[in-house]
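Below is one structure, written out as structure tokens; the observations come after it.
Per chain, numbering begins at 1; letters A, B, ... match sequence-line order. Quick note: numbers below take in every heavy atom, side chains included, and nothing from hydrogens, waters or symmetry partners.
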Protein chains: 2
Amino acid sequence: MGHWRGGSTGRPRVAVVGAGFAGLAAARKLARQPVDVLVLDKHNYHTFLPLLYQVASAGLEPEAIAKPVRSILRRAPNVGFRMAEVTGVDLSGRRVLTETGHIPYDYLVLAAGSATNYFGSPEIEAHSLPLKELTDATILRSHALSMLETAALVDDREQRKKLMTIVVVGGGATGVELAGSLAELKRHVLPDDYPELDIESEARVIMLEALENLLPGFPPRLQKEALRQLQRLGVEVRLSSPVESAEDGIVRLGDGTTIQAATIVWVAGVKASLLSEGLSEELARGGRVPVRRTLQLESHPEVWVAGDMAYLEEKGRPIPMVAPAAIQQGAVAGENVIRAVQGLPLREFRYSDRGSLATIGRQRAVAHVPPLQFTGLLAWVVWLVVHLFWLVGFRNRVLVLVNWAWNYILYEPGSRLITRPLRRQGREVREEAVGRGVAKP
Amino acid sequence: MGHWRGGSTGRPRVAVVGAGFAGLAAARKLARQPVDVLVLDKHNYHTFLPLLYQVASAGLEPEAIAKPVRSILRRAPNVGFRMAEVTGVDLSGRRVLTETGHIPYDYLVLAAGSATNYFGSPEIEAHSLPLKELTDATILRSHALSMLETAALVDDREQRKKLMTIVVVGGGATGVELAGSLAELKRHVLPDDYPELDIESEARVIMLEALENLLPGFPPRLQKEALRQLQRLGVEVRLSSPVESAEDGIVRLGDGTTIQAATIVWVAGVKASLLSEGLSEELARGGRVPVRRTLQLESHPEVWVAGDMAYLEEKGRPIPMVAPAAIQQGAVAGENVIRAVQGLPLREFRYSDRGSLATIGRQRAVAHVPPLQFTGLLAWVVWLVVHLFWLVGFRNRVLVLVNWAWNYILYEPGSRLITRPLRRQGREVREEAVGRGVAKP
């Protein structure tokens, strides 16, 4: 074996932590270069996160948006993979620490991404469902469908309405897209699936946003348009409504009001991976690591940080934690590693903002491709094309396209399977409901 | 709501327990008839079990072989669904007992299928993985792939070989098909995925069969051919090798020899659902319920039993526990319920044995379509067409076809994702391996 996977080749060893957008972009730049590369990730697959909400709302199967990392890296003989949970970085010892041994490196690319930000509330973490990983999406799908199956057993109207209520906390792109696709499901699919329930009047999709507008970072016109489109789909949007805390099946707002909901989805924020801690004297907002414009750590120039973990400003504003920025940074980090190996001057990172997109149900979307702003069908077509283009793997594209065409024509998303056991508030809500009042047939 | 789902319509109430092949066939016959039907299943989806092994071997995603029951039953306004675990039947009280309430019936079709038969060995049950449900398949897939990821960390050759060994216990159709597809994976996919491992010489697929031949019920010539094909694929087949017991990562044979294997799959037998108990004074082999030729219970003619649960002989031999028999019996049971409602004489069940098929990797299969016997490519094409034809749902057919074409052309099954946590022997084996000797890079 001619690379780092087995023995030592004497070539510089580059560890890449994370097989998300940034890590893979770095690995691609490092492929077939005179270095030995090891990519580490806790999962054995890369996830196309922009479509995660479609797995949660049963529109896509998980396999359509995930691809094994080993399969992606197959054609790069100098790039290996190890499935491992990275627990820390020993900067002075130049070692990546994992649960299954430590990995020495000469150069390091840190691209461990971000995690759900509960803003320090253990109550919210315990009583809500996140949407940040592939398994989160299948758990959310299973949970929401289980609540409907339970609702079909319950006589008490209030209890039934609670089981049929989904609260989406956070009006960013993920929240808006999830709420939109749940509303489409409610409108086109669930009434036929559950004729014994009064979906139209008892099922609710509620979106809570702390700020005055949805989609922060979008132009005001598109924010307003997204709000209008969501409302037309039947989503109850409450702006300026920060969530104070959550209990079992209850969301408590800042103004003291409460909402009863068996499904609470928390997509109100992300923060950099915990690996950021200790990498810098001071971390930026969201726990991100300040880096040089070359993406190097100030104190350890053999370490690059890319993607959601890295903090850098462009025109006085932080670079957003989005996939295009991660891909661009990963590529620059990978290229700079090679330049460092070759003794060449490093490249400075410039963020090329190609715009922002969010889809809101069938044929509805908002797109900001500066200086243009689109809404409606055209924005939706742009969204489709862009997502298919960026999806990793031709097979995944075919699967997604087959699913989309199917759903579009027949209004029948196929993945409405309950494949995960209930957990946390779900189990309790179901037990409570079943204990209280089961319908007598 | 005009049927049993909500209030009472005064029409006869028919409960169907199980949404497998038999239950769905019965429900289809009962659709749009003057009865109110309620189908019960612990899952909200129907599983096309004949392709389950392809989910386990990463060739198909779970969603391709499963379809929501509510979606299948959509067009039958008199047929409802309830997701519930049926815990028993109160024959004299005419009630189906579930965890979430009891369901009174006028007529009952019992089609709860079968479960894995461990022949009374709690050791085997604790230390092996079954393959009987959709989640079993994703757990098996995740487990086997995790073992390879762990093997990539281990220096000790014996330990590594153990992690890379899969034992399939049981040489029936499921075992043969699973072993064949695992062998194909080993041959065509894993060497590229795991260049740091010596897949060719260290990974093993071992098939253990207690009897002298594989595929009981097939003609001797096809049994021999299946053996030859499996061996050519590299499966180590041991006939006349009953398993005595299993420990953590160890299979113990009847002759005292042991095999070290981190993945032990138990597909050596099935038995009727535990619901059979108490339905008849005496149960037949495999816990099946003896029924009249009309599929009624002797003691309770308002109860029909169909599929794997039912015991009936044809030409002096038990009707096998296979999908075609279940479909035929379900249809007759459903029809007989209608005949009973209408006061017409009941139909007697006749099993039409259309033959047996088993596929063994790419372009290899054995087919027995009496009086014909095929092997090789022709049998394989027959197998493909038959399975696509019987798969429920056009969308599932498209998904399966896309996957098959993809895998066939590119030798690259796409679902090699580890999406399930390790459990039982897997976790321990991994911890043990990691504790013992993690490779130092």
Side-chain angles (χ1 to χ4, degrees), chain A residues 1 3-6 8 13 38 43-45 61-64 66-68 70-71 74 77 80-84 99-104 134-135 138 145-146 149-150 152-153 189 192-196 393 395-396 398-399 402-403 406 410 412 414-420 434 438-441, chain B residues 1 3-6 8 13 38 43-45 61-64 66-68 70-71 74 77 80-84 99-104 134-135 138 145-146 149-150 152-153 189 192-196 393 395-396 398-399 402-403 406 410 412 414-420 434 438-441:
Chain A
M1 281 171 277
H3 52 74
W4 193 12
R5 287 161 173 180
S8 173
R13 294 166 303 181
L38 188 66
H43 297 302
N44 81 327
Y45 50 85
E61 55 263 22
E63 282 76 2
K67 192 172 161 84
R70 290 179 180 276
S71 166
R74 264 183 168 195
F81 174 72
R82 176 179 291 191
M83 188 175 88
E99 285 179 339
T100 50
H102 307 326
I103 293 147
L134 196 60
T135 48
T138 45
L145 290 171
S146 291
E149 293 293 340
T150 305
L153 305 176
V189 182
D192 284 336
D193 271 4
Y194 295 89
E196 67 268 54
R395 178 178 171 279
N396 299 68
V398 171
L399 279 179
V402 167
N403 275 289
W406 192 263
L410 295 182
E412 161 120 61
S415 302
R416 311 195 296 285
L417 313 182
I418 299 173
T419 53
R420 293 278 173 172
V434 164
V438 171
K440 283 130 215 110
Chain B
M1 281 172 275
H3 51 72
W4 193 15
R5 288 160 172 178
S8 174
R13 294 166 303 180
L38 188 67
H43 297 303
N44 81 325
Y45 50 85
E61 56 264 22
E63 281 77 2
K67 193 171 161 83
R70 290 180 181 276
S71 165
R74 263 182 169 198
F81 174 71
R82 176 180 291 192
M83 189 175 87
E99 286 178 337
T100 49
H102 307 327
I103 293 149
L134 196 61
T135 48
T138 44
L145 290 170
S146 291
E149 293 294 338
T150 305
L153 305 175
V189 181
D192 285 336
D193 270 4
Y194 296 89
E196 67 267 57
R395 178 179 172 278
N396 299 68
V398 172
L399 279 178
V402 167
N403 275 289
W406 192 262
L410 295 181
E412 161 121 59
S415 304
R416 311 195 294 287
L417 313 182
I418 300 174
T419 52
R420 292 279 172 172
V434 165
V438 171
K440 284 129 215 113

**OP:** Might you point out which heavy atoms bring A:T419 and B:L134 nearest each other, and give the distance in Å?
**Re:** CG2-CD2, 4.4 Å
**OP:** Rounded to the nearest 0.5 Å, what's the gap from CZ on A:R70 to CG on B:D192? Could you check?
**Re:** 11.5 Å
Original post:
Can you tell me how far the CG atom of A:L153 sits from the CD atom of B:E99, to the nearest 0.5 Å?
Top reply: 11.0 Å
Original post:
Just wondering, do B:F81 and A:D193 contact through their side chains at under 4.5 Å, heavy atoms?
Top reply: no
Subject >> Validation row: A:E61, B:P62 side chains within 4.5 angstrom (heavy atoms) >> reply: no
Original post:
Please walk me through it: do B:R82 and A:E196 pass salt bridge (Lys or Arg N to Asp or Glu O under 4.0 Å)?
Top reply: CA-CA 10 Å; B:R82 176 180 291 192; A:E196 67 268 54; over 6 Å; no
**OP:** Mind listing the closest non-hydrogen atom pair of A:E149 and B:N44 along with its distance?
**Re:** OE2-CB, 4.2 Å
Subject >> Sub-4.5 Å side-chain heavy-atom contact between A:H43 and B:I418 >> reply: no
**OP:** Kindly give the heavy-atom pair with the smallest separation between B:V189 and A:R74, and that separation in Å.
**Re:** O-NH2, 3.3 Å
